[in-house]
*Asks:* 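Following this message is one structure expressed as structure tokens.
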Amino acid sequence: MDNRSDKNLKYTIITWGCQMNEHDSEKISGILESLNYTPTSNREDADLIIFNTCLVRENAELKVYGNLGELKALKRKNPELIIGICGCMMQKKEIRDLVKQKYGFIDLMFGTHNLHKLPELIANNKQSSRMIIDVWEEGGEIIEGVPAKRKFGYKAFVNIMHGCNNFCTYCIVPYTRGRERSRTPEDIIKEIEELAQEECKEITLLGQNVNSYGKTLEDKTTFADLLRMINKIEGIERIRFMTSHPKDLSDELIYAMRDCSKVCEHLHLPFQAGSNNVLKVMNRKYTKEKYLELVSKLKNEIPNISLTTDIIVGFPGESEEDFEETLDVVKKVGFDSAFTFLYSVREGTPAAKMEDQVPDDVKHRRFKTLLDTLHPISHENNIKLQDTIQEILVEEVSKNNEDMLSGRTRTNKLVHFKGEKDMIGKLVNVKIDVAKTWTLEGHIIEND
Ligand code: SAH
Ligand code: SF4
Ligand code: F3S
């Protein structure tokens, strides 16, 4: 029997990366709480610290190494402390070897496919005091029934699929998350019905490419079918999803978005680059023209839709003319916001070996031009919302003003307004008074 078992054990998880990782951390929390651990936000207080890592760009990776160094002192102070590292970085053998060699004080290393094994790994570590490494190369069958301790009650992430089959040439994700696998509609619906009973109002369906949902299922349920099924679940008020690959955005899906009253008027549709040459070498499998055609279909069917995107600047071989094409897409679409990235070399991906890498100073210059083009467009879109009434799901007390609440419109815009704490988790109507580039301010005009 472990001699620490009657102590009040505390854990903390530090998460980098995308929503998929955030939700994995919620699952790790669920597992740890079922082992009687309680959360703490203070690393000094913790008996167990888990780093859930990301590998998508070099700076994500560097941040993890920076933080790992600091843990050594904590471990020296408290030799009983268990330190675990998991997530996408652990799926690469070279990184596991480096971590083993440079950070020998780590106790547990596990990957993206075997979170559910955590209780066993902790028990093994306690018994042997050796570093326990358990990483599965491939995902295989989806493990159901892992409890998740969700960060918020009123909104929740729900995985609908895992992995990615697209192999965009810059991207490491297919190597860290394995091949595409879809959960069955029955498992998904059951999870969402349970969330609805717990008064969850908004769900975000997660997958690297939700538009290709169902391809691995026997009955070939499509993502559009799934949306129509989820739309019928009582209690759920809003449905969101991420991420959509343009090549798999079907008319059927656009019609489902239009028809389902709970599906929010927002689509995150990464276009990455505007030049057809670059898109081809990226292996994105659509053209600029096809992307713009999708956007006009979306705007026709869902007139007030908000569009957001991901853009990479400085992909190998990107010329000044290619970059102009990216700016052209930005201007033609009028995005509400965009995640913008400097291309980052990821060892093991095809683009890392391409010869015509773009110099850093050129990348930075283009990056700045891109932001200067995007920002006024976002602001203009927000100004159009001034004096309109928006339905807001109240999320939290504003970070820098206790009298203010914040929440999101159906189009996923952040709004600040005055209100009482007990409104958190409720839908309210807010009249928009001020439009800034990234946020809106308003006042409640009528309660839910
Ligand atoms: N599956 C999602 C998200 C993948 S990662 C999708 O396909 O949209 C999120 C974003 O990171 C990508 O959309 C891309 O814009 C960016 N990204 C991925 N690899 C990158 C790299 N090597 N350098 C810079 N940005 C990258
Ligand atoms: Fe990466 Fe492309 Fe898959 Fe998205 S679709 S995860 S960018 S390989
Ligand atoms: Fe990062 Fe893995 Fe997500 S590499 S972006 S945490 S899938």
Side-chain angles (χ1 to χ4, degrees), residues 13-25 28 51-64 85-92 95 111-113 115 139 157 159-181 205-213 215 241-249 267-274 278-279 281-286 291 307-316 318 326 335 338-354 357-358 360 363-364 366-367 370:
I13 307 174
I14 295 101
T15 309
W16 288 271
C18 61
Q19 285 90 349
M20 201 67 78
N21 247 23
E22 271 179 49
H23 187 38
D24 281 353
S25 288
I28 297 171
F51 274 17
N52 191 5
T53 65
C54 170
L55 189 60
V56 77
R57 284 169 294 276
E58 191 186 15
N59 51 10
E61 200 182 337
L62 295 179
K63 274 188 211 149
V64 172
I85 175 165
C86 64
C88 287
M89 278 171 69
M90 291 304 101
Q91 292 301 133
K92 267 201 117 184
I95 296 183
T112 57
H113 302 305
L115 306 178
F157 291 133
N159 286 123
I160 62 165
M161 58 202 298
H162 298 270
C164 180
N165 284 355
N166 292 314
F167 292 96
C168 303
T169 52
Y170 50 80
C171 185
I172 198 74
V173 172
Y175 308 88
T176 68
R177 292 278 169 175
R179 293 295 62 69
E180 195 175 289
R181 291 126 25 239
L205 308 172
L206 292 183
Q208 295 299 344
N209 175 15
V210 290
N211 296 358
S212 75
Y213 171 81
K215 292 204 173 125
F241 52 86
M242 305 199 74
T243 301
S244 279
H245 195 306
K247 81 174 162 64
D248 298 310
L249 181 64
L267 183 65
H268 186 67
L269 193 64
F271 81 92
Q272 314 296 0
V278 174
L279 285 170
V281 187
M282 283 180 163
N283 193 31
R284 290 290 290 179
K285 302 199 166 80
Y286 54 84
Y291 186 89
L307 293 168
T308 58
T309 197
D310 291 350
I311 306 169
I312 298 178
V313 294
F315 182 79
E318 182 189 73
T326 294
F335 292 105
F339 294 113
T340 47
F341 306 107
L342 292 164
Y343 168 70
S344 169
V345 174
R346 302 288 66 206
E347 284 314 324
T349 63
K353 291 196 222 77
M354 292 176 188
Q357 300 286 330
V358 175
D360 275 352
K363 273 190 209 169
H364 281 100
R366 287 182 191 162
F367 192 76
L370 177 62

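In each ligand, atom 1 is the first atom listed, and ligand 1 is the first ligand listed. Just so you know, these numbers come straight off a predicted model, no measurement behind them.
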*Asks:* Between ligand 1 and N209, can you find any atom pair, the residue atom being a heavy atom, that is separated by under 4.0 Å?
*Replies:*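 Per 4.0 Å heavy-atom rule, N209 does not contact ligand 1.
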*Asks:* Among all the protein's non-hydrogen atoms, which is closest to atom 1 (Fe) of ligand 3, and how far away is it?
*Replies:*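 For atom 1 (Fe) of ligand 3, the nearest protein heavy atom comes out as C54 SG, 2.4 Å.
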*Asks:* Quick one: look up the protein heavy atom nearest atom 3 (Fe) of ligand 3 and list residue, atom name and how far away it is.
*Replies:*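 Checked against all protein heavy atoms, atom 3 (Fe) of ligand 3 sits closest to C18 SG, 2.3 Å.
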*Asks:* Can you see which heavy atom on L267 is nearest to which on S244, and at what distance?
*Replies:*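 Closest approach of L267 to S244, heavy atoms only: CD1-OG, 3.5 Å.
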*Asks:* Give a yes-or-no answer on whether the side chains of D248 and N209 include a donor-acceptor pair shorter than 3.5 Å.
*Replies:*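 The answer is yes; a qualifying pair exists.
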*Asks:* When rounded to the nearest 0.5 angstrom, what is the spacing between CG in N21 and OG1 in T176?
*Replies:*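 It comes to 8.5 Å.
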*Asks:* Numbering the atoms of ligand 1 from 1, which are under 4.0 Å from a heavy atom of Q272?
*Replies:*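 It comes down to these atoms of ligand 1: 12 (C), 13 (O), 14 (C), 15 (O).
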*Asks:* How many angstroms lie between atom CD1 of I85 and atom CZ of F51, to the nearest 0.5 angstrom?
*Replies:*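 Answer rounded to 0.5 Å: 7.5 Å.
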*Asks:* I need the N166 CG to K285 NZ distance, nearest 0.5 Å.
*Replies:*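 These two atoms lie 6.5 Å from each other.
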*Asks:* Would you check if there is a donor-acceptor pair between the side chains of Y343 and E318 at a distance under 3.5 Å?
*Replies:*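 Side chains of E318 and Y343: no pair found under 3.5 Å.
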*Asks:* Among protein heavy atoms, which lies nearest atom 8 (S) of ligand 2, and at what distance?
*Replies:*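 Result for atom 8 (S) of ligand 2: C168 N, 3.3 Å.
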*Asks:* Under 4.0 Å from any heavy atom of V56, which atoms of ligand 1 are there?
*Replies:*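 Numbered from 1, ligand 1 contributes 5 (S), 18 (C), 19 (N), 20 (C), 21 (C), 22 (N).
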*Asks:* With heavy atoms of N21 as the reference, note each atom of ligand 3 found under 4.0 Å away.
*Replies:*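 That gives atoms 6 (S) of ligand 3.
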*Asks:* For atom 6 (C) of ligand 1, what is the closest protein heavy atom, and at what distance to 0.1 Å?
*Replies:*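 Looking at atom 6 (C) of ligand 1, the protein heavy atom closest to it is T243 CG2, 3.7 Å.
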*Asks:* Just which atoms of ligand 2 are under 4.0 Å from any heavy atom in V173?
*Replies:*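 Counting from 1, the qualifying ligand atoms are 6 (S).
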*Asks:* With a 4.0 Å heavy-atom cut-off (strictly under), which part of C164 contacts ligand 2: side chain, backbone, both or neither?
*Replies:*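 Only the side chain of C164 comes within reach of ligand 2.
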*Asks:* Got C164 and R179 here, is their nearest side-chain heavy-atom distance under 4.5 Å?
*Replies:*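 No; the side chains remain at least 4.5 Å from each other.
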*Asks:* Quick one: does C88's side chain get under 4.5 Å of R177's, heavy atoms only?
*Replies:*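 Contact flag for C88/R177 side chains = yes.
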*Asks:* Would you say H245 touches ligand 1, if touching means a heavy atom closer than 4.0 Å?
*Replies:*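 Flag not set, H245 not near ligand 1.
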*Asks:* Minimum heavy-atom separation for L342 and R57, please, with both atom names.
*Replies:*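 Closest approach of L342 to R57: O-CD, 4.4 Å.
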*Asks:* Could you tell me the residue and atom name of the protein heavy atom closest to atom 11 (O) of ligand 1, and the distance to it rounded to 0.1 Å?
*Replies:*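 The protein heavy atom lying closest is R57 NH1, 2.9 Å.
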*Asks:* Suppose I only count heavy atoms of R346 and a 4.0 Å limit; which atoms of ligand 1 are within that range?
*Replies:*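 Reading through ligand 1 atom by atom, the close ones are 22 (N).
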*Asks:* Are any of the N/O atoms in Q208 less than 3.5 Å from those in ligand 1?
*Replies:*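 Yes, Q208 has an N/O under 3.5 Å of an N/O on ligand 1.
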*Asks:* Report the C-alpha separation of I311 and F271 in whole Å, then their side-chain angles, then the decisive distance to 0.1 Å, and conclude whether the side chain to side chain contact (heavy atoms under 4.5 Å, CB included) test is met.
*Replies:* CA-CA 6 Å; I311 306 169; F271 81 92; 3.5 Å; yes
*Asks:* Test of understanding: given a 4.0 Å heavy-atom threshold, classify the contact between C88 and ligand 3 as side chain, backbone, both, or neither.
*Replies:*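 Under 4.0 Å from ligand 3, C88 contributes side-chain atoms alone.
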*Asks:* Run the numbers for me: atoms of ligand 3, each under 4.0 Å from some heavy atom of R177, listed by number.
*Replies:*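 Counting from 1, the qualifying ligand atoms are 7 (S).
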*Asks:* What's the shortest distance from atom 5 (S) of ligand 2 to any protein heavy atom, and which residue and atom give it?
*Replies:*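 Protein heavy atom with the smallest distance to atom 5 (S) of ligand 2: N166 ND2, 3.4 Å.
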*Asks:* Between R284 and H245, is any pair of side-chain heavy atoms under 4.5 Å apart?
*Replies:*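 Contact flag for R284/H245 side chains = yes.
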*Asks:* Out of T349, T340, D310, who is nearest to atom 12 (C) of ligand 1 when you count heavy atoms only?
*Replies:*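 Minimum heavy-atom distance to atom 12 (C) of ligand 1 goes to D310.
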*Asks:* Tell me which protein heavy atom sits closest to atom 1 (Fe) of ligand 2, plus the residue, atom name and distance to 0.1 Å.
*Replies:*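 Ranking protein heavy atoms by distance from atom 1 (Fe) of ligand 2, first comes C171 SG, 2.3 Å.
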*Asks:* Does the side chain of T169 come under 3.5 Å of the side chain of N283 through a donor N or O and an acceptor N or O?
*Replies:*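 No, no side-chain donor-acceptor contact under 3.5 Å.
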*Asks:* Is L342 near ligand 1, meaning one of its heavy atoms is under 4.0 Å from it?
*Replies:*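 Judged by the 4.0 Å heavy-atom criterion, L342 does count as contacting ligand 1.
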*Asks:* May I ask you to identify the nearest protein heavy atom to atom 7 (S) of ligand 2, giving residue, atom name and distance to one decimal place in Å?
*Replies:*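 Of every protein heavy atom, Y170 OH, 3.4 Å lies nearest to atom 7 (S) of ligand 2.
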*Asks:* Given that the side chain starts at C-beta and the backbone is N, CA, C, O, which of these parts of P174 lies under 4.0 Å from ligand 2, counting heavy atoms, or is it both or neither?
*Replies:*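 Just the side chain.
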*Asks:* Give the residue and atom name of whichever protein heavy atom lies nearest to atom 4 (S) of ligand 3, and the separation in Å to one decimal.
*Replies:*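 Checked against all protein heavy atoms, atom 4 (S) of ligand 3 sits closest to L55 N, 3.2 Å.
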*Asks:* Heavy atoms only, cut-off 4.0 Å: how does F167 contact ligand 2, side chain, backbone, both, or neither?
*Replies:*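 Backbone only.
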*Asks:* Check this for me: F167, atom CZ, are more than 12 non-hydrogen atoms of other residues, nucleotides or ligands nearer than 6.0 Å?
*Replies:*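 More than 12 within 6.0 Å, yes.
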*Asks:* Please lay out, stage by stage, how L55 and Q91 fare under the test side chain to side chain contact (heavy atoms under 4.5 Å, CB included).
*Replies:* CA-CA 9 Å; L55 189 60; Q91 292 301 133; over 6 Å; no
*Asks:* Looking only at protein heavy atoms, which one is nearest to atom 4 (Fe) of ligand 2, and what is the separation?
*Replies:*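 Residue, atom and distance for the closest contact: Q208 O, 4.4 Å.
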*Asks:* Give the residue and atom name of whichever protein heavy atom lies nearest to atom 19 (N) of ligand 1, and the separation in Å to one decimal.
*Replies:*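 Sorting protein heavy atoms by distance from atom 19 (N) of ligand 1 puts Y170 CD1, 3.3 Å first.
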*Asks:* So K215 and M161, do their side chains get closer than 4.5 Å, heavy atoms only?
*Replies:*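 With C-beta onward as the side chain, the pair stays apart.
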*Asks:* Looking only at protein heavy atoms, which one is nearest to atom 23 (N) of ligand 1, and how far off is it?
*Replies:*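 Here the closest protein heavy atom is S344 N, 2.9 Å.
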*Asks:* Taking only heavy atoms of P270, which atoms of ligand 1 are found under 4.0 Å from at least one of them?
*Replies:*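 Selected atoms, number and element: 8 (O).
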*Asks:* How about Q19: does its CD atom have over 12 heavy atoms from other parts shown lying under 6.0 Å from it?
*Replies:*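 For Q19, atom CD is crowded (more than 12 foreign heavy atoms under 6.0 Å).
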*Asks:* Side chain, backbone, both or neither: which applies to R284 and ligand 2 if a contact is any heavy-atom pair less than 4.0 Å apart?
*Replies:*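 The answer is the side chain of R284.
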*Asks:* Show which atoms of ligand 3 fall inside a sub-4.0 Å distance from at least one heavy-atom site of Q208.
*Replies:*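 The atoms of ligand 3 under 4.0 Å from a heavy atom of Q208 are 7 (S).
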*Asks:* To the closest 0.5 Å, what do you measure between NZ (K63) and CD (E58)?
*Replies:*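 Going from NZ on K63 over to CD on E58, the span is 12.0 Å.
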